[in-house]
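Note: hydrogens, waters and symmetry copies are ignored here, and every other heavy atom, side chains too, is used.
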Amino acid sequence: FPSHDIEGGEENVPKQYGKVIIVTKPYGSEITPDFTKTAIGNYLRDRMPLAIIPIFEDPDSFYVDIVSDVTFNPSLTSKSSSDIKSAVLSAISTFNQENLQQFNQNLRVSKLVATIDNSDSSILGNDTLVRMVKRITPTRNSAYTFTFQTHNQLYQEAVGSNVQGISSSTFTYNLNGTNITASFADDGEGNLIMTAGSYTETVGSVDYTTGQVTIDNLTVADYTNYISVYCITEKEDIIIQRDQILSIDPVDVTIDIVTGK
């Protein structure tokens with residue numbers, strides 16, 4: 001079987017009594033093919049009471065955005081800064097394979113920081129910030145509503161600050177027939193505000209305590225691949241729930257190598 005998590009329907013929200021919720025993840029991919037789910041279902045039905053119905057769900061996938069300033073001492077190595085960067089990226093990739101990508105695997109930032117420090121003997125230390133990332137794929141030119149639950153308390157900055165707990169990557173918004181680069185962020189009061197040039201619009205809400213983010217009636221003209229929604233958690237570590245999977249994608253990793261002594 002692929003990696004999987006099973007829970008009783010009474011633990012689901014909303015509750016589904018008499019059902020077993022099965023969340024599966026194949027190795028090397030995010031979504032389990034339907035034929036594999038069918039095979040698992042057939043296997044389980046022969047071994048479960050008739051009154052119990054297996055229900056399959058795909059995992060709730062999140063990613064980790066990493067920005068790390070890594071300081072190394074060039075007098076301790078013959079390697080260039082690009083060599084050090086490659087070593088750091090390789091170490092983060094190994095960390096992802098060994099510590100994330102499966103159910104019940106949380107991100108312990110202290111372990112990530114230690115992994116970066118230990119990637120080369122010339123590294124003196126690193127200053128690393130992480131954010132939880134949800135990727136969304138709205139239907140273009142159509143009102144989009146979507147709610148996701150991080151299950152982590154989210155960072156709430158003072159109103160008017162330049163640091164937002166929630167922010168997004170850029171996308172294209174059509175304003176009166178003109179395509180404009182846009183993005184959205186929270187305002188510190190629980191509202192998601194889209195900004196496209198000088199135009200602003202409320203496009204959702206944030207519950208900082210529960211970690212729920214709701215995007216409401218956002219109309220996107222275009223984007224590339226997906227839109228990333230970045231979430232700063234109140235606590236450094238990112239703790240996931242039973243149906244969630246956390247991964248590090250190299251496209252979300254930014255490493256800056258600086259010299260020191």
Would you say [X] and [Y] make side-chain contact, with heavy atoms under 4.5 Å?
| X | Y | value |
| --- | --- | --- |
| I240 | D60 | no |
| I66 | I92 | yes |
| Q153 | T233 | no |

State, to 0.1 Å, how close [X] and [Y] come at their nearest heavy-atom pair, and which atoms those are.
| X | Y | answer |
| --- | --- | --- |
| F184 | M194 | CB-CA, 3.7 Å |
| S247 | Q101 | OG-CG, 3.7 Å |
| Y208 | E189 | OH-N, 3.6 Å |

**Asked** Once the angle between the rings of Y199 and Y173 is folded into 0 to 90°, is it parallel (under 30°), tilted (30 to 60°) or perpendicular (over 60°)?
**Response**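 Answer is parallel, since the angle falls under 30°.
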Has [X] got a side-chain atom pairing as donor or acceptor with [Y]'s backbone, closer than 3.5 angstrom?
| X | Y | result |
| --- | --- | --- |
| K134 | S61 | yes |
| Q244 | Q149 | yes |
| S167 | Q164 | no |
| N191 | D187 | no |
| N99 | F95 | yes |
| Q97 | T94 | no |

**Item:** N179, D222, T219 screened by side-chain hydrogen bond (donor to acceptor under 3.5 Å, both in side chains) with N174, the one that passes
**Value:**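 The residue from N179, D222, T219 that satisfies side-chain hydrogen bond (donor to acceptor under 3.5 Å, both in side chains) with N174 turns out to be N179.
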**Message:** So if I apply the side-chain hydrogen bond (donor to acceptor under 3.5 Å, both in side chains) rule between D117 and each of T71, N126, T128, which one comes out positive?
**Reply:**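 It is N126, the one option of T71, N126, T128 that forms the side-chain hydrogen bond (donor to acceptor under 3.5 Å, both in side chains) with D117.
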**Request:** Can you run down the ring-ring contact (aromatic ring centres under 6.0 Å, His included) pairs that involve residues 213-254, sequence neighbours left out, and say none if there aren't any?
**Result:**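 Those involving residues 213-254 do not exist here.
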**Request:** Could you go through the side chain to side chain contact (heavy atoms under 4.5 Å, CB included) check for D237 and N106 one step at a time?
**Result:** CA-CA 8 Å; D237 291 343; N106 303 315; over 6 Å; no
**Request:** Start with the C-alpha gap between D216 and T214, add the side-chain angles, then the distance that decides, and say whether side-chain hydrogen bond (donor to acceptor under 3.5 Å, both in side chains) holds.
**Result:** CA-CA 6 Å; D216 189 23; T214 298; over 6 Å; no
**Item:** Salt-bridge contact R135-D252 (side-chain N to carboxylate O under 4.0 Å)
**Value:**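 Yes, charged N to carboxylate O under 4.0 Å.
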**Pairwise distance CD1(I255) to OG(S81) - rounded to 0.5 angstrom** =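 Output value for this atom pair is 13.0 Å.
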